[in-house]
K.L.:
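Quick one: structure below, then a few questions.
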2 protein chains.
Amino acid sequence: MTDRTKGRRDFLAGAASSLLAAPLLARASRAGAADAPAPEAPSLESPLRAADYRRVTFCDPFWAPRLRANRETTVPHLFRKLREVGAVGNLERAAAGQKGGHEGYVFADSDVHKALEAAALCLGSGSDARIAAEVDALVPVLARAQQPDGYLDSAYQLDDKPRFTNLRDDHELYCAGHLVEAGVALFEATGRRDLLDVARRTADLVERTFGDGPGRRPGYPGHPELELALVRLSGATGDPRYLRLARYFVEHRGEGFFAVEHRTPPGEYDGTYWQDDARIRDHQVIAGHAVRALYLFSGALDVARETGDRSLQAAAERIWTNAVERRMFVTGGLGSSAHNEGFTDDYDLPTYDAYQETCASIAFVLLNERLFRLTGDSRYADVVEWTLHNAVAAGVSLSGDRFFYVNPLASRGGHHRRDWYRCACCPPNVARTFASLGRHAFATSADDVYVNLYAAGAADLDVGKGKLRLELRGDYPWDGRVLITVADSTAGELALRLRKPGWCGGPVAVRVNGAPQAPPSERGYLVVRRAFRGGDTVELDLPMPVRRIEGHPYVEQTAGRVALGRGPIVYCVEQRDVDSPVAGLRLPAAAGLRAERDPALGGAAVLRGPALAAEVDAATPLYGVGPPATRAVSLAAVPYAVWDNREPGAMRVWLPTG
Amino acid sequence: MTDRTKGRRDFLAGAASSLLAAPLLARASRAGAADAPAPEAPSLESPLRAADYRRVTFCDPFWAPRLRANRETTVPHLFRKLREVGAVGNLERAAAGQKGGHEGYVFADSDVHKALEAAALCLGSGSDARIAAEVDALVPVLARAQQPDGYLDSAYQLDDKPRFTNLRDDHELYCAGHLVEAGVALFEATGRRDLLDVARRTADLVERTFGDGPGRRPGYPGHPELELALVRLSGATGDPRYLRLARYFVEHRGEGFFAVEHRTPPGEYDGTYWQDDARIRDHQVIAGHAVRALYLFSGALDVARETGDRSLQAAAERIWTNAVERRMFVTGGLGSSAHNEGFTDDYDLPTYDAYQETCASIAFVLLNERLFRLTGDSRYADVVEWTLHNAVAAGVSLSGDRFFYVNPLASRGGHHRRDWYRCACCPPNVARTFASLGRHAFATSADDVYVNLYAAGAADLDVGKGKLRLELRGDYPWDGRVLITVADSTAGELALRLRKPGWCGGPVAVRVNGAPQAPPSERGYLVVRRAFRGGDTVELDLPMPVRRIEGHPYVEQTAGRVALGRGPIVYCVEQRDVDSPVAGLRLPAAAGLRAERDPALGGAAVLRGPALAAEVDAATPLYGVGPPATRAVSLAAVPYAVWDNREPGAMRVWLPTG
């Protein structure tokens, strides 16, 4: 007991190096450290611009192979499967004026739209004849399927259902959102306008139908997404009507429209699942269906960015704080329960039963990326890095053609990626995320360049005063040494802001043109300010010890357990790597672990060291008195992102220490 | 690590004192000890008889107040609520020949039947004007509601549904089962035949309808229960047709009848939920809906008992072994998931999300009681005691008018008993279990008396050669000293078999008429064989240290945690008893705990001692490096059976040790 009580000081000291920026803590520690005095983390006067993903390339060991697989395998696979399951056929039949026989879920169109968006993004980064052919084949189908007034939803058209009669469940506005995203993405990637025109006609129809103007009716999407898409469309077209409609959807949600639509008696209506339980500015916690909640607040932040509405931003920051302080898995994903595909209670973070839908992890990246651009605060970029490298990356196999929908933190051996799902939202969502990954690596303002991801590669960036080319070298995330070369610059003096990751507890060594420096820290960034010239180098050395991560004491599922981390990577133990059932493994405090690169896992750093295995036989009772006997075993832990890429078997992220 | 490895011997040694008889272990240890050489635990040549509950009385501190509350509060409450919610009204309207407007679930009749059974059992133990009036009012309603051919199901009659068209879901045969149970119980308790006649007419109709005889059709109950009832009816009436039908239901289940009934394509049919996935003798594990599985195998054992079919018994023993070795909560209940109200995987035993329906715990008592009577083996009586004192007893408040349906092993503060449930199976099930509790206390054969429960009270027992009256004194389960007086005996020489509880690790001191004895042990019983005379005494002293119970290493939810036990009681910590959130409590190995009686909890033994509480503030991150700081706190743990009887709040059974 004495030891435990004594541990307090260590813990509070250690908390400053908490894995992810627990916001109150990050604030407190930053205010007390060498950072600028920004305890309230105010918003930037003008939001940051994300890097143009088309001008960011990767040659690192983590992302480059995945992005190649995404382009060469995943995107073609999407179209093949969408044809196989009838989702493309739905639209072709609608285009031909046929009736009946819609295949799949009512939102099957959205999977096609998301695949088109992923394809468009791939084309933005470089020509690809196979992907271009898919786009060329499909866009005319959508154009023909669209009705004269702009309506396009094959589920409704084939089955002659009365449109917009079940906004709560039927996903027409969600499908419209993904259509708009695809249209804008294709326009931005290639300049072609045909899909954008289809998207605009749909958006115009929705804009004429919903809102509080004359002749318009109330309502909002059962599944948010159109909000984000409308703001994006407004930006791409310069038409403020779309932004106004997005704002309408965001601000009216919570009025209980779905209760009216479904004639639910007021006493029986709980709108939490749809975030229809409170107006947008009144949400105190993140609740309900995870993807819906995260898309909604991402859309709210888009509106906030365009309108300067700080009250919307404050609401998003509030639910973000609840998420990262009480409801986020150690892998950076969200959604504790399969029951509602979403949230349960504070500190309820299951392991075997973690839902952590891949789409929810992607949506959390969207939310954090928006908060980062509004604030320039590294805590949000920390989550973007963390969630991308763990929860999102796990969503797809290294081969690119198998996917997780649900991402538990432990498995008894029966959970494996599949090549498709009847509810196929995740595969194309991963594809579009990977295809535009570069936007998360860098951001710029008038005279700042933010470096958020340290993957080797290159980026051509615009700052207010000119252009800049950065080249990054190194083996990140398997090695913390990063060499940044300013290959070219016409930008004059600027601040190169280097994210000091939340996982990085130790001091970061910085050299500029070979000379050690101690740059000041602002909002979690090390700031190197100078007039960069071509050939200037900045070297970082981010210490990457193996970390034993402990959960908050109130999280029952992780109390007395540790997860292993190194750099931005969370590890897990797969059955094939240990000579004893993983269900009986323990990792005592004394067990030292070392990192080694493993060619069989694309060169990933694997952690190796001793552990204890329970000695179990048929006589071991279900309940007994006294601790189980154990024997020493050798353990290898692999990145969670790559589990289930070899022989199938059981897996665990959290291991008991005792 | 060295300590852990060294721990093995202690653990294996300790396993012999495992909390409940893990069967393989119990077998092994008994074969190696002073027991009779019965390693395979063969069945008895003739099954034991349970004590007549009408002739067993309790004056102990645990059961006597509960049985009084059951009679005085619970049973009247049942009838009041059944009238309020329309379940009685359904039958009254059917009796009046009215149509339409059935209230509640399709199985609402069964709640009335179960309440009638509980009332009948109460009348068996002693007259009660209020309960008798309820019975007098209701039995004629049932008789009038019954159709001329014996059909009685108000849900079908009121709504004019075609009978026996949805055996899988619509519970007609389940309701028939509870009607038969009520009819037999009332007949046995009071000798009145009117409800028995109603029951027989229904059973006769079912018997003319189902089976493989001429003019009969295939099928079996979607929810087993009728199987048990038919064997009981066969015993009460001497009519073998009912037993034959029970055997038909038991032996044909698994043919996939429900797939045929619902036209489910063979490739899409998974009958696990209904135990329709395998024939009765082919089940390897206990699976699907917990109450259905346990009723089914209880019915199979009834058939086995009456027919001598050892293959049915072997199947039941196999699924029992799976249950107690891999799927039973520490409180003796079953059913890990709300999703299917039943079983998931081996070693999946959640805490906050434990389902552990009260009815499943009751059904597990039924299964164990039957296995005990077939084998005379204490391992089954151990489970009966354990489950009754923990999982079942928790199902009802001390006041008798509030009930748990779901019994989690931890709560964040929102789980409380309610006075009724729309699905109201549990309240009357507890009531009938308590009203016939005496049957679990003793059993007899030609010249054996088994003492299974040590609660103070008295029993008049029949053995083959005569009669015997036993009087028990003591404060069991709060104290392990038990004084048994043979108040009267005409039975001559017999073997008094005193269960040595599985939870009892230490030596049991036995005195016969004051003189220390070392009686031999057979199948878990200490056997005192003599020609007892009135006034003979047998004293037992069962050591009751506080035990730190550990789960099997493969149970993720309990690894590195302990539950507290003392005697047959499992403890929990309620928020009101500790000055720090229970979510952050830890119970290190060194924490010594003592037992004290608490008048506020009906004199229950409460465990008190030191514990550690996590020191948490707003800066505590969700994920950090280093163990949490803790402070010393005083802890009180109360029996799980009595939680949620005082101020509402959070609760936990399993506490981390580290």
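None of these values were measured; they are calculated from a predicted model. Just so we're on the same page: letters track the sequence lines, and every chain starts at 1.
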K.L.:
I'd like to verify something: which residue of B/V555, B/D353, B/T351 has the highest number of heavy-atom pairs under 4.5 Å with chain A?
P.N.:
B/T351

K.L.:
Taking A/R561 for the side chain and B/A559 for the main chain, is one N or O donor matched with an acceptor at less than 3.5 Å?
P.N.:
yes

K.L.:
Pick one of side chain, backbone, both or neither for A/A613, based on which atoms fall under 4.5 Å of a heavy atom in chain B.
P.N.:
neither

K.L.:
Hey, could you give me the CG/CD1 distance between B/L622 and A/I549, rounded to the nearest 0.5 Å?
P.N.:
11.0 Å

K.L.:
Between the side chains of A/D346 and B/R412, is the shortest nitrogen-to-carboxylate-oxygen separation below 4.0 Å, so that they form an ion pair?
P.N.:
no

K.L.:
Can you find a pair of side-chain heavy atoms, one from B/V625 and one from A/R548, that are under 4.5 Å apart?
P.N.:
no

K.L.:
Applying side chain to side chain contact (heavy atoms under 4.5 Å, CB included) to B/Y352 and A/D348, what does each step give before you reach the verdict?
P.N.:
CA-CA 9 Å; B/Y352 285 95; A/D348 177 28; 5.8 Å; no

K.L.:
Most heavy-atom pairs under 4.5 angstrom with chain B, which of A/P656, A/P581, A/A589, A/G414?
P.N.:
A/P581

K.L.:
Is it the side chain or the backbone of A/R327 that comes within 4.5 Å of chain B heavy atoms, both, or neither?
P.N.:
backbone

K.L.:
Quick check: do B/E550 and A/Y623 have side-chain heavy atoms less than 4.5 Å from each other?
P.N.:
no

K.L.:
To the nearest 0.5 Å, how far apart are CD in B/E556 and CZ in A/R652?
P.N.:
5.0 Å

K.L.:
So which part of B/L585 gets closer than 4.5 Å to some heavy atom of chain A, the side chain, the backbone, both or neither?
P.N.:
neither

K.L.:
Using heavy-atom distances under 4.5 Å, tell me whether B/A650 contacts chain A through its side chain, its backbone, both, or neither.
P.N.:
neither

K.L.:
How close do A/E325 and B/A618 get, counting heavy atoms only, and between which atoms?
P.N.:
OE2-O, 4.4 Å

K.L.:
So which bits of residues 335-343 of chain B come within less than 4.5 Å of chain A, counting non-hydrogen atoms only?
P.N.:
none

K.L.:
Give, as side chain, backbone, both or neither, the part of B/T558 having an atom under 4.5 angstrom from any heavy atom of chain A.
P.N.:
backbone

